[in-house]
Protein chains: 2
Amino acid sequence: EYMDFFEPLPYLPPIPANNSLTPEKIELGKMLFFEPRISGSGVISCATCHNPALGWSDRIPTAVGHDGQVGNRNTPTVLNSGFLGSQFWDGREPDLEGQALGPIEAEIEMNMDLEAAIRRLKEFDIYHEHFAAAFPGEDDPIRAENIAFAIASFERTLNTPNSPLDRFLAGDVQAMSDSQVEGMKLFVDAGCVACHNGPALTDSGFHRFELPGSTDEGRFIVTGDEADMFAFRTPTLRNVAVTYPYFNNGSVDNLHDAVQLMGQQMLGQDFSDEELDNLVAFMHALTGEMPDLEIPALP
Amino acid sequence: EYMDFFEPLPYLPPIPANNSLTPEKIELGKMLFFEPRISGSGVISCATCHNPALGWSDRIPTAVGHDGQVGNRNTPTVLNSGFLGSQFWDGREPDLEGQALGPIEAEIEMNMDLEAAIRRLKEFDIYHEHFAAAFPGEDDPIRAENIAFAIASFERTLNTPNSPLDRFLAGDVQAMSDSQVEGMKLFVDAGCVACHNGPALTDSGFHRFELPGSTDEGRFIVTGDEADMFAFRTPTLRNVAVTYPYFNNGSVDNLHDAVQLMGQQMLGQDFSDEELDNLVAFMHALTGEMPDLEIPALP
Ligand code: HEC
Ligand code: HEC
Ligand code: HEC
Ligand code: HEC
Ligand SMILES: [Ca+2]
Ligand SMILES: [Ca+2]
Ligand SMILES: [Ca+2]
Ligand SMILES: [Mg+2]
């Protein structure tokens, strides 16, 4: 049965033992996610690039950060990022806690010294209250590790259940169109599921992908292992219809071409027009319900 | 009676005869307000500077726009902007319709040619649908004037009712603290109401204000009339506690100093510490309920 190859999205991703998911941390993490005062310019927050209006990404090929600087890589959505086995295109961080502080300090992203960011947060009474509530019993809770804990907690709530695929898997056979069902079957038969599997449709593994025009060495930069040259972590396919453009440098702007390139490069296969249409239709069945977000009122 | 000097905030500001307020225009206007693809960089929208998490402003002295360029003026909130008799610190636009297209083209803000912005919008089916629904019967509704109509309509819904002052005026004598009531009385007695009156606490008039360190010629730039040198349009005081920093160049970062400077410059009066405390407390009574916003899902 084709359906055995897929898993519905659970309500929550795995929660690490050292960072229990509390409402206080989630609320604080939300504030920090929208907080531009922890950037060097005072105007860039996580939500600038991971924009809730744009599928929690930015819909440009590669990210634009501090002073309009253009990066090399496409901004992945943070939706369902708690389900990933590692973070970043090259998997250089194991989890969301490890990931969270990087962009604050990155010169090309938020360009702010972490100590300065902490001093800035300490100027606001409301942050003292929220950190104390989220990390009770600590003498000096406004510190780097807790920023990471809080942001990661918020991100673990940004999940998109009830996509057509999820409803189909739950037994609602009307939830997907005929073309989407055909696409799902081909996705299995052609071998896409070898890499795109599990609740987020990624094995979180690294696979060589030679993207026309890209010189990004990918996983090799992290490991220095020749076998990892040009290898990238399989991205989630959840909400892929709203997270264009595609691939690590955002050079492909539509799903048709993205799926075709996957077939050619990963499977050595050239799909017919009808097959491509069905696969693309199936990609659209992976768009779930967006988180219902109340924008935080920052101090 | 002191209360006669104040007006509760109506549910809606005046609606112009040529731009009726429809749900379709409001929804479209919301999308455009959050739309970064109508900026040259593809990453700046109205909401970048008029950030809902920051009182629909940016909480920095002067705006940062395209490529990190820093402007000369403080970003006013768009909350209750439909109640203003003119737009911008120098009142150079009469209404929200006149205001809306300026920032898209301003090199230092969004830096995008209007024709290019229109072409960009036309790439999305969903904008064809939304413009057609908002402006029924038009052959080619995606045009500059309609962008302005839609954005202005959305802005007219961004009002903040039920502040402590409004509840007090409605008869709830507990809604303001004793200090706030004292501040309200002094606000009348000292003469602040001469300029800060009406539902938005502004006369929408222009008044000379010599801000230490500022060379901005204000209204003079618009009229060329010497009498308007260094004159600025009285800003709304609604939500003033959350729209720091203050004045046309954002050079004063707290209400205490802002109110003190107003007393000295506009009224030739030096308030005692207690008077200042009461006036500042009253300023806090002007913070209303923030609009309950559903972030739009952009195409
Ligand atoms: C200037 C744009 C920008 C800003 C600001 C930014 N990000 Fe990102 N984000 C990116 C880009 C680009 C990547 C991919 C980088 C890479 O793979 O090397 C990324 C990757 C991520 C990932 C990994 C997702 C995945 O699928 O691997 C997470 C999670 C994330 N960002 C969260 C955040 C948080 C939290 C903040 C704020 C503290 C933030 N980002 C600020 C652009 C940005
Ligand atoms: C051998 C592993 C593997 C196989 C097989 C595979 N993929 Fe991928 N897929 C990846 C990797 C790795 C990437 C990221 C490539 C990059 O951007 O560097 C990716 C990226 C994608 C993307 C772009 C996602 C984004 O957000 O940028 C789509 C769409 C996609 N795959 C669909 C498919 C489909 C459909 C198939 C089958 C026809 C398939 N993949 C087969 C590993 C695989
Ligand atoms: C780069 C920052 C920036 C962007 C982007 C921006 N604004 Fe503004 N906005 C400002 C500044 C600064 C002013 C004051 C300028 C002046 O008075 O000369 C202002 C003034 C206004 C005003 C007048 C309010 C008042 O009290 O007079 C309105 C309304 C407004 N903007 C709406 C918008 C809309 C709609 C957009 C998008 C189409 C937008 N703004 C984009 C910074 C920005
Ligand atoms: C003669 C007219 C006039 C009088 C009287 C007056 N104001 Fe103002 N007020 C203005 C103008 C004009 C500005 C804008 C000045 C600027 O930034 O260029 C302003 C700005 C302010 C601001 C800063 C608002 C912001 O968002 O930047 C506050 C607070 C304020 N006034 C409070 C008061 C108080 C309290 C009093 C009485 C003690 C008072 N004003 C008396 C005209 C007046
Ligand atoms: Ca993408
Ligand atoms: Ca809401
Ligand atoms: Ca201000
Ligand atoms: Mg809701």
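By convention in this document, chain letters (A, B, ...) are assigned in the order of the sequence lines, proteins followed by strands, and residues within each chain are numbered from 1. If you're wondering where the values come from, they're calculated on a predicted model, not measured in any experiment.
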Inset, instruction - For the pair A:F282 and A:M176, evaluate side chain to side chain contact (heavy atoms under 4.5 Å, CB included) and give the outcome as yes or no after the intermediate values. - result: CA-CA 8 Å; A:F282 178 57; A:M176 296 207 300; 4.2 Å; yes
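Within the 4.5 angstrom heavy-atom criterion, atoms from both the backbone and the side chain of A:L298 approach chain B. Within the 4.5 angstrom heavy-atom criterion, only side-chain atoms of B:I60, from C-beta onward, approach chain A. If you measure heavy-atom distances from B:A53 to chain A, the contacts under 4.5 Å come from both the backbone and the side chain. Within the 4.5 angstrom heavy-atom criterion, only backbone atoms of B:P299 (N, CA, C, O) approach chain A.
When each of A:H66, A:E35, A:R37 is checked for heavy-atom pairs under 4.5 Å with chain B, A:R37 comes out on top. Between chain B and the residues A:V70, A:D67, A:D58, A:I44, the most heavy-atom pairs under 4.5 angstrom are made by A:D67.
Counting only distance, with no hydrogens or angles, the side chain of A:N111 and the backbone of A:G40 share no donor-acceptor pair below 3.5 Å. In this structure, the side chain of B:H50 engages the main chain of B:P76 through a donor-acceptor pair within 3.5 Å.
Shown here for B:E155 and B:Q99, the closest heavy-atom pair between the two residues is OE2-OE1, 4.4 Å.
Between B:F34 and B:W56, the ring planes lie perpendicular to each other; the angle is over 60°, past the 30° to 60° tilted range.
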